[in-house]
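Down below is the structure, laid out as structure tokens.
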Protein chains: 2
Amino acid sequence: MQLHRDDVVDGALAILDQYGLADLTMRRLAGTLSVQPGALYWHFPNKQALLGAVADRILAPMDRPVVATDWSGALTELAHRLRDCLLTYRDGAELVSSTYASRLTTNKGRERFSSAVIRAGMPRDQAELAAYTLLYYVLGHTVDEQSRMQMDSAGALADPAGEPADATDPTARFDFGLQLFTAGIRHRLGADAH
Amino acid sequence: MQLHRDDVVDGALAILDQYGLADLTMRRLAGTLSVQPGALYWHFPNKQALLGAVADRILAPMDRPVVATDWSGALTELAHRLRDCLLTYRDGAELVSSTYASRLTTNKGRERFSSAVIRAGMPRDQAELAAYTLLYYVLGHTVDEQSRMQMDSAGALADPAGEPADATDPTARFDFGLQLFTAGIRHRLGADAH
DNA sequence: ACCTGAACACCGTTCAAGT
DNA sequence: ACCTGAACACCGTTCAAGT
């Protein structure tokens, strides 16, 4: 039976989640789809384009509407949702991060960030810069968080009183930086809320 | 004559700057050093370790003292210096960014960030979180900035009224996010400076 | 239109053996 | 101690040829 674009993305996502980004090769993917490596190049021009499609799939939940009504609530919600998307699949953060860099994913998160900041009353060009800033933070933080998770689950034997080991809850750590960011926006808006 | 660790790093840095990270392979590096690929594995256990040493070399200027006396001036200066280090070599930001993730570089920037924030009066654990936040921003921004530079210098022919093309000066864009961050810190410190 | 077969031009890493 | 020679086990991509 026929191999469709979506089947290829499905297969790629399965390999990613089970074996990680390093093992997501065109040859291996072809193997699990019971097809020759060259067949994949009829559906995608190259590996980067395939990874872009995988990233889009991972980020699909970013399109759903947001419940918060105030701008800072909406921004916090969107940032958390982006992090959740990235944490859903193994190496999801790393994959999306590198795909953002090569600019062949429709960067859904960033657009929604910026419109939330525009709704807060910031001029469009500044709002876009702010959205980038938040995006860099979420990606950087989550890549780091996820790579630590994998290091821990691998070498749970190690760490004989190495460092304080950051006992704090990862979500609380994430919120700290997020609050730093929203406070910065609020200051920029001149909202002396008192 | 003998091949030393530093010669290997020198050669790697030269390839990086001229041909980019994708062309920085062990075999090619061995070639420019007039040595067999296997020889490199006497000096470094693997490629990641070599890249870590290259990253450390790129970040060497981060050890120099800072001129600003106030914490926000010091932080701004350090952030700019980190960006400058990353922009000095082709693909420098990408290399350092991926090396930070695999945690085998002495992350000089982050430590200096956090001690600046501690000097501002923030408790150590919070200051470290703040330092990470700033680090993610600088890395994310600079990777993006540098990859755009390369896209522009490659396809200067393209861009027929594609987007507004972000006419703003890259340094000004960088400063915007940086100010968002320092404002966030200032707010956290409760410094109602008036 | 969609895929196979087979090749091209590479990779990182290991390791006996040489000097 | 430091390196060579040669192999092992892979990569992404292309493309004539098949159906």
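Labels below follow one simple rule: chain letters A, B, ... track the order of the sequence lines, proteins then strands, and each chain is numbered from 1. FYI, side chains are in, hydrogens and waters are out, and symmetry mates aren't considered; it's all heavy atoms of this structure.
Across every non-hydrogen atom of B:Ile185 and B:Ala130, the tightest pair is CD1-CB, 3.8 Å. Annotation for B:Thr182 and B:Trp71: closest pair O-CH2, 4.0 Å, computed over non-hydrogen atoms. Contact detail for A:Thr99 and A:Ala55: the closest heavy-atom pair is CG2-CB, 3.9 Å.
Hydrophobic clustering of Ile, Leu, Val, Met, Phe, Trp and Tyr side chains at less than 4.5 Å, counting indirect connections, keeps B:Leu40 apart from B:Trp42.
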Inset, instruction - State the dot-bracket string of DNA chain D. Criteria: Watson-Crick or G-U wobble, both atom distances under 3.5 angstrom; notation: ( ) intrastrand, [ ] crossing earlier pairs, | interstrand, . unpaired. - result: ||.|||||...|||||.||

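The distance from atom CZ of B:Arg5 to atom P of D:dC2 is 13 Å, rounded to the nearest whole Å. If you take CD of B:Gln48 and C1' of C:dG12, they are 11 Å apart, rounded to a whole angstrom. Atom NZ of B:Lys47 and atom P of C:dT13 are 8 Å apart (whole Å).
At the phosphate of C:dC2, OP1 or OP2 sits under 4.0 Å from a side-chain N or O atom of A:Gln2.
Between B:Arg173 and B:Glu145 no salt bridge is recorded (no basic side-chain N to carboxylate O distance below 4.0 Å).
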Inset, instruction - Test salt bridge (charged side-chain N to carboxylate O under 4.0 Å, His left out) on A:Lys108 and A:Asp56 and set out the steps. - result: CA-CA 8 Å; A:Lys108 305 188 168 173; A:Asp56 281 344; 5.5 Å; no

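The same atom, C1', is picked in C:dC10 and in D:dC8; the two are 15 Å apart, to the nearest Å.
Atom CZ in B:Arg90 sits 9.5 Å away from atom CD in B:Gln146 (nearest 0.5 Å).
Across residues 22-45 of chain A, A:Arg27, A:Val35, A:Gln36, A:Gly38, A:Ala39, A:Trp42, A:His43 each have a non-hydrogen atom less than 4.0 Å from an atom of DNA chain C (numbered order).
Using the six-membered ring where Trp is involved, B:His141 and A:Tyr136 have ring planes that are perpendicular, over 60° apart on the 30 and 60° scheme.
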